J.: 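What follows is a single structure, and I will ask about it in a moment.
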Amino acid sequence: MIEVRILRENRQLAVEGLLKRGLKSADQTIQKILDLDDQRKQLQTQMDELLRRVNETSDEIGALYKQGRGAEAGEAKKMVGEWKAEIAGFQTTMNETQSLLETTLLSLPNIPHASVPAGQNEADNEIIEVHDDYMVALPEGSKPHWELMEEYDLVDLALGAKITGSGFPVYKGQGARFQRALIQFFLDEAVAAGCLEIIPPFVVNADSARGTGQLPDKDGQMYYTERDDLYLIPTSEVPLTNMFRGDILDAADLPRRLTAYSPCFRREAGSYGADVKGLNRLHQFDKVEMVVISLPENSYDVLDWMVNHTKTLLQKLELPFRILRLCGGDLGFTSALTYDFEVFSVAQKRWLEVSSVSNFETYQSNRLKLRYRNSEGRTQLLHTLNGSVLALPRIVAALLEINQKEDRIDIPEVIKPYTGFECIEKVD
RNA sequence: GGAGAGUUGGCCGAGUGGUCGAAGGCGCACGCCUGGAAAGUGUGUAUACCUCUAAAGGGUAUCGAGGGUUCGAAUCCCUCACUCUCCGCCA
C-alpha cells in the first residue's frame with residue numbers, strides 16, 4: 001500500500017513511475033485518493049469536535065448531579081443525545097470513506113524505481129549480466145532432467161500424484177539427500193553472510209497474508225484451510241516479514257537480516273506442456289529465502305548486497321546464469337525494483353527463473369506498520385526486501401542436466417560435503 | 001476436546017461507573033550532586049489521526065479485539081482471539 005504522503009508530495013513522479021507499468025489511469029486514481037483523504041480529514045475534524053462536546057458535557061452532568069441539580073442535568077442529557085445521533089452519522093460516512101480509500105490505495109501497485117525500464121512483459125526485461133563461464137554444450141543423447149529423475153529414481157511425480165495430486169513430487173534416496181544437501185548449503189551460506197536463521201510456521205493467518213500483500217490480490221493462489229481460517233505459505237517471506245508486523249524497531253538494530261528454509265505451496269495453475277514438465281513448475285517446492293528490514297536510506301545498498309549474495313551462490317554451484325532487471329510490466333505488484341536470476345537449462349535449452357530479489361520500499365511496511373524511530377524521535381516506515389537464495393526445483397533440474405555423464409550425475413564440489421557422496425549413480 | 005483463571009504503558013503492577021491515558025515501582029533519557037562513578041535527587045518517558053504551526057500548543061481515539069448498556073466505561077453485559085493451570089489425547 002503506497003503512502004498517501006508520497007502521492008501527495010511526489011504526484012508527478014508517481015504518475016510517471018506507474019506509467020512504466022502501463023498504468024494509464026494512475027493520475028485519476030491518485031486524484032481520487034487525495035480527494036478521499038481530504039474528505040476523511042474533514043470528517044475527522046468535525047467528528048472530533050462533536051466528541052469533544054460530548055465529553056465536556058458529560059463531565060458537567062456528573063458535576064450537576066453532585067450538586068443536586070437534576071433538572072439541568074436532564075437538559076444536558078438531551079443535547080448529548082442529539083450530538084450522539086449526529087456522531088453516528090459521521091461515523092458511518094467516515095467508515096465508508098475509509099474503506100473506499102483503502103480499497104483504492106490497494107488497487108495501486110508500488111511505484112517502480114527510477115532504474116526500472118518501461119515495458120509490457122518479460123520480453124522487455126533488461127538483461128544486465130550474463131555469466132556463461134560454465135556454459136557447456138551437451139553431447140548427443142543427453143537428457144532433460146525429467147528423464148534423469150526417472151532413470152536414477154530421484155524424484156517421483158507419479159507417486160506424488162497418487163498420494164496428493166500433480167505437482168507434489170516425492171523425492172527419493174539420493175534425490176532426497178541431494179535436495180536436503182542443497183538446502184543445508186544455502187542456509188549455511190546465508191548465515192555466514194550475517195542472517196539469523198529462522199524456522200517459521202508454514203501456515204499463517206489472514207492478517208499476515210494481508211501484511212505482505214498476498215491478500216487481497218493473490219487470494220486464489222494460496223491454499224486455504226477453511227476450518228481454521230489459515231493459509232499455507234506461498235513463500236517464507238510471509239512469516240518472516242510478518243515477524244515484524246506492528247513493530248517499532250531501534251535504528252541501531254538495523255538492518256535485520258533473516259533466512260529460512262520452507263516448503264512453498266502455490267495453487268497457481270500455469271500453462272501446460274514443456275513449461276510445467278518435470279520440476280519446472282510445482283504446487284509444493286522447497287526454497288531458502290532471505291528477508292531484510294532496512295533503513296530507507298540503505299535499502300538499495302542492501303538490494304545490491306542480496307543480488308551479490310545470490311550471484312555468489314550460483315557461481316559456487318558452477319551454473320550458467322543471467323541477471324535481469326524486470327521491466328514495469330513484469331514487476332510484481334508490491335515491488336519497486338526486482339532482479340530475477342535465471343539459470344540455463346542446457347537440456348531444455350532455455351532459461352529458468354530461480355530467484356527473485358526485490359526491494360519493496362515502504363509498500364509492505366505501510367500495511368505492516370513496521371517502523372523505526374529516526375534521529376528526531378519521529379516514527380518512520382522502514383523498507384523491506386526479500387529474495388530467494390535459492391528456489392530448489394529448477395536449480396536441481398539445471399544441476400542434473402548439466403552434470404550428467406554417461407553412467408552417473410556429478411555433484412557440484414561445494415555440495416559434496418553435504419551429500420556425503422561424490423555422484424549420483426543408478427540403483428538396481 | 002473438557003473445566004477454571006487471566007489479558008492494563010518498554011517491563012512489573014494498582015485500579016469495579018465521572019476528578020483515569022491511567023497510582024506505584026523497574027527500566028530508559030536528560031539534569032543536579034561527584035575529581036569520576038555508585039548511591040541520592042529532580043524532570044521527562046505510548047501510538048495513531050485531526051487541527052495549528054517557525055516552534056510550542058489544542059482536540060479525538062486506544063487499558064487483548066469487536067459490539068452493547070449509560071449523559072459518562074479500564075471498570076457493567078455479549079461475542080471472539082490469545083495466555084496460563086488442571087484433566088483428556090498425542091509426536
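Letters go in sequence order (proteins before strands), and every chain restarts at 1. All values below were derived from every heavy atom in this structure, side-chain atoms included, with hydrogens, water molecules and symmetry-related copies excluded. Computed from a prediction, not measured in an experiment: that's the story for all the values here.
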J.: If the condition is side-chain contact (heavy atoms from CB on, under 4.5 Å), which residues does Thr93(A) pass it with, not counting sequence neighbours?
T.: Leu43(A), Thr97(A)
J.: Quick one, give me the B/S/- string for nucleotides 62-84 of chain B, reading 5' to 3', where B means a protein heavy atom under 4.0 Å from the base and S means that only happens at the primed atoms, P, OP1 or OP2.
T.: --------BBS------------
J.: Suppose you measure atom C1' in rG35(B) against the same atom in rU45(B); what distance do you get, rounded to whole Å?
T.: 31 Å
J.: Does rC86(B) pair with anything, Watson-Crick or G-U wobble, both distances under 3.5 Å, and if so, with which nucleotide?
T.: rG2(B)
J.: Would Thr259(A) and Glu197(A) count as having a side-chain donor-acceptor pair, cut-off 3.5 Å?
T.: no
J.: May I ask you to say what Arg373(A) touches in the nucleic acid, namely base, sugar-phosphate or nothing, with a heavy-atom cut-off under 4.0 Å?
T.: sugar-phosphate
J.: Quickly work out the Leu51(A) CG to rU51(B) C1' distance and round it to whole Å.
T.: 15 Å
J.: Please determine if Arg52(A) forms a cation-pi arrangement with Trp83(A), meaning its NZ or CZ atom is less than 6.0 Å from the six-membered ring centre and no more than 45° off the ring axis.
T.: no
J.: Can you name the ring pair (Phe, Tyr, Trp, His ring centres under 6.0 Å) partners of Tyr224(A), sequence neighbours left out?
T.: Tyr231(A)
J.: What is the distance, rounded to the nearest whole Å, between atom CD of Glu3(A) and atom P of rC49(B)?
T.: 10 Å
J.: Rounding to a whole Å, what distance do you find between Glu56(A):CD and rU60(B):C1'?
T.: 13 Å
J.: Taking 4.0 Å as the cut-off, does a side-chain nitrogen or oxygen of Arg40(A) come that near to OP1 or OP2 on rC50(B)?
T.: yes
J.: When the distance from CD1 of Ile248(A) to C1' of rU45(B) is rounded to whole Å, what number comes out?
T.: 14 Å
J.: How about His383(A) and Tyr300(A): are their ring centres within less than 6.0 Å of each other?
T.: no
J.: Are a donor atom and an acceptor atom from the side chains of Asp330(A) and Asn121(A) found within less than 3.5 Å of each other?
T.: no
J.: Once you apply the 3.5 Å cut-off to both distances, tell me the Watson-Crick or G-U wobble partner of rG9(B), or none.
T.: none
